[in-house]
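For the numbers below, each heavy atom of this structure counts, side chains included, while hydrogens, waters and symmetry mates do not. Naming: A, B, ... by sequence-line order, numbering from 1 per chain.
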Amino acid sequence: MKTLRRRQIQDKIMEGLLVVSTITILIPLLIIIAYVVYNGFGALNWSFFTEELGSPARAMQGQPTGLVHTMIGTLVVDFIGLVLAVPVGVGAGIMLSEYPEHKLNPILRIMNDTLNGMPAILKGLLAFALIVKPMGTFSGLAGGVALAFVMIPIIARTTESSLMTIPWSIREAGLAIGLPRWRVVLSTVMPAAKTGLVTGFLIAFARAAGEAAPLMFTSFGNNYLPNHWTGMIFGPVDTLPQRLYSLAISPYAQWHQMGWAAAIVLLSFVIILFVTARLLTRQKNY
Amino acid sequence: MENKVKTENIKSSAMTTTNEIETTVEKKETSRVRMEAKNLTIKYGTNVAVRNLSMPIYNEKVTALVGPSGCGKTTFLRSLNRMHDLTKSAHITGEVLLDGNDIYDPKVNPVTIRRKIGMVFQKPTPFPTMSIYDNVVAGLKLVGIRDRKLLNEVCEIALTQAALFDEVKDRLNAPGGSLSGGQQQRLSIARALAIKPEVILMDEPTSSLDPKSTMKIEDLIVELKKKYSIVIVTHNLAQAARISDYSAFMYLGDLVEYGKTKKMFQNPEDKRTEEYLTGKFG
């Protein structure tokens with residue numbers, strides 16, 4: 001009887017420890033959200049979403065100012081990254097999952113994990129060397145390339161794991177009716193793994209959307225909307241994480257508050273992406 | 001003296017004639033060899049799954065592979081349309097002939113082989129995202145055949161051959177996964193038939209089905225052998241006895257006995273076959 005009681009107490013203690021760790025994760029998240037909203041909510045007004053930032057004087061003199069160029073810039077740079085990363089990442093993911101006997105497979109696995117763990121700022125350096133140097137200017141394209149390097153390893157892994165959830169028998173059934181291997185993957189395995197694939201893209205997108213470091217010397221930043229939309233791709237572009245940083249280290253109180261507001265926008269954007277990804281994975285397609 | 005020799009000559013020539021007649025009769029009955037395994041050995045790493053196996057597969061006959069679990073029958077079956085190609089550890093020596101040509105010849109593309117030698121698996125495997133129609137014509141549509149009329153025709157013929165058409169003709173656009181297990185298995189058979197193979201391999205096609213569906217599939221196999229050569233792996237000895245013309249008994253990777261099903265089940269030559277068939281092991 002005594003040992004039973006002891007085991008019950010042990011069980012309670014273990015459960016308590018688990019609750020403590022859960023709270024340790026939840027509390028900082030909630031604090032961050034609450035603190036960001038508390039500090040930035042005041043700066044969220046109509047002009048914040050419609051005006052460009054301009055010089056610090058605008059904010060100090062109370063003229064309308066905002067981060068519309070930053071939000072558009074973020075979408076443009078992130079989308080360039082996604083468009084570049086999806087084909088490469090999916091291709092790598094297919095290699096990892098569908099061609100286990102290929103001699104490049106083990107090398108790819110190690111390289112992909114290394115790329116995933118590599119500091120993002122180094123990916124910025126790579127994009128700087130590949131795009132900024134030859135083109136002679138900071139650009140949204142360079143930022144997109146840097147973010148693509150952030151997304152590729154994530155997409156490769158999520159693609160691999162979602163393809164792996166499709167039973168091997170589906171592939172054999174495809175092969176048995178005389179389909180070539182690539183066709184089996186493309187037309188029978190990938191459609192079945194569709195939601196998993198899309199979820200992976202969203203997760204990679206959300207991860208990259210929060211990166212500031214790789215953008216510092218690629219898309220560089222900009223206080224204004226470019227005169228022509230091509231300026232978003234071939235000229236320096238503003239992005240939320242990086243703008244958040246530069247607003248925060250500026251000496252102007254008005255900009256500090258705008259920085260908090262930028263954080264609200266970035267946070268909402270990322271949370272919406274993650275929640276969508278979650279909802280997508282929940283509805284199983286078969 | 002001379003007379004005696006003459007008589008003997010006549011006798012022997014008469015015997016030759018009878019022999020010849022017997023051979024022709026035999027030939028008619030056995031029909032021609034469609035596939036043949038010659039000294040086939042299959043290893044997974046160092047583990048020998050099939051050892052030096054040689055046997056013919058006759059045209060328009062049902063050949064059953066029987067034996068206890070792990071005897072290598074499925075491994076052998078899968079080697080007949082090069083399904084081991086994707087298994088890294090599998091290593092195959094010897095020959096598998098289709099109409100006299102080795103399918104393991106390096107010049108042969110496994111994809112062309114699999115279009116001639118179809119396969120139905122143990123579990124029904126409809127493609128999950130495709131409709132019934134698309135499942136049936138997948139083998140044609142996905143290699144670029146777009147002719148709607150031809151596809152419709154093939155779909156109807158294949159489903160009819162698989163004895164499924166009447167049950168699904170009003171809902172060809174429903175997902176393949178919406179069918180019952182037995183229907184899904186017949187759908188898998190229809191899909192295999194749609195590409196007009198010459199040989200059909202079946203790996204325990206009824207093991208996951210109820211008795212009624214099993215009966216339907218067995219009837220189907222008997223019907224199909226009029227046109228195709230069928231090789232079937234089965235755990236169900238009664239099934240092998242019911243539907244097969246030839247049987248091969250395998251044990252621990254060896255082909256123990258091969259012959260006409262009737263003979264093998266009534267009068268097995270090898271003691272191990274007899275013991276297995278009478279339920280002493282397996």
Check whether Pro126(B) gets within reach of chain A through its side chain, its backbone, both or neither, counting any heavy atom under 4.5 Å.
backbone
How many angstroms lie between atom CD of Glu172(A) and atom CG of Asn81(B), to the nearest 0.5 angstrom?
9.5 Å
What are the two closest heavy atoms between Ala173(A) and Phe121(B), and how far apart are they?
CA-CE1, 3.6 Å
Answer yes or no: are there more than 12 heavy-atom neighbours, outside Phe49(A) itself, under 6.0 Å from its atom CZ?
yes
Kindly determine whether Ile177(A) and Arg191(B) satisfy side chain to side chain contact (heavy atoms under 4.5 Å, CB included), including the steps that lead there.
CA-CA 8 Å; Ile177(A) 53 170; Arg191(B) 188 175 59 195; 4.0 Å; yes
What distance separates Thr188(A) OG1 from Asp134(B) CG, expressed to the nearest 0.5 Å?
12.5 Å
Kindly check if the number of other-residue, nucleotide or ligand heavy atoms within 6.0 Å of CE (Met111(A)) is above 12?
no
Side chain, backbone, both or neither: which part of Arg78(B) has an atom under 4.5 Å from a heavy atom of chain A?
side chain
OG/Ser169(A) to CD/Gln122(B) distance, rounded to the nearest 0.5 angstrom?
10.5 Å
Report which part of Ile117(B) has an atom under 4.5 Å of a heavy atom belonging to chain A: side chain, backbone, both, or neither.
backbone
For chain A, which of Leu142(B), Ile195(B), Thr125(B), Val111(B) has the most heavy-atom pairs under 4.5 Å?
Leu142(B)
Side chain to side chain contact (heavy atoms under 4.5 Å, CB included) for Leu175(A) and Arg82(B)? Distances and angles first, verdict last.
CA-CA 10 Å; Leu175(A) 292 174; Arg82(B) 294 189 58 169; over 6 Å; no
Using heavy-atom distances under 4.5 Å, tell me whether Arg181(A) contacts chain B through its side chain, its backbone, both, or neither.
side chain
Between Arg115(B) and Gly178(A), which heavy-atom pair has the shortest distance, and what is it?
NH1-O, 3.1 Å
Kindly give the heavy-atom pair with the smallest separation between Ile170(A) and Phe127(B), and that separation in Å.
O-CE2, 3.6 Å
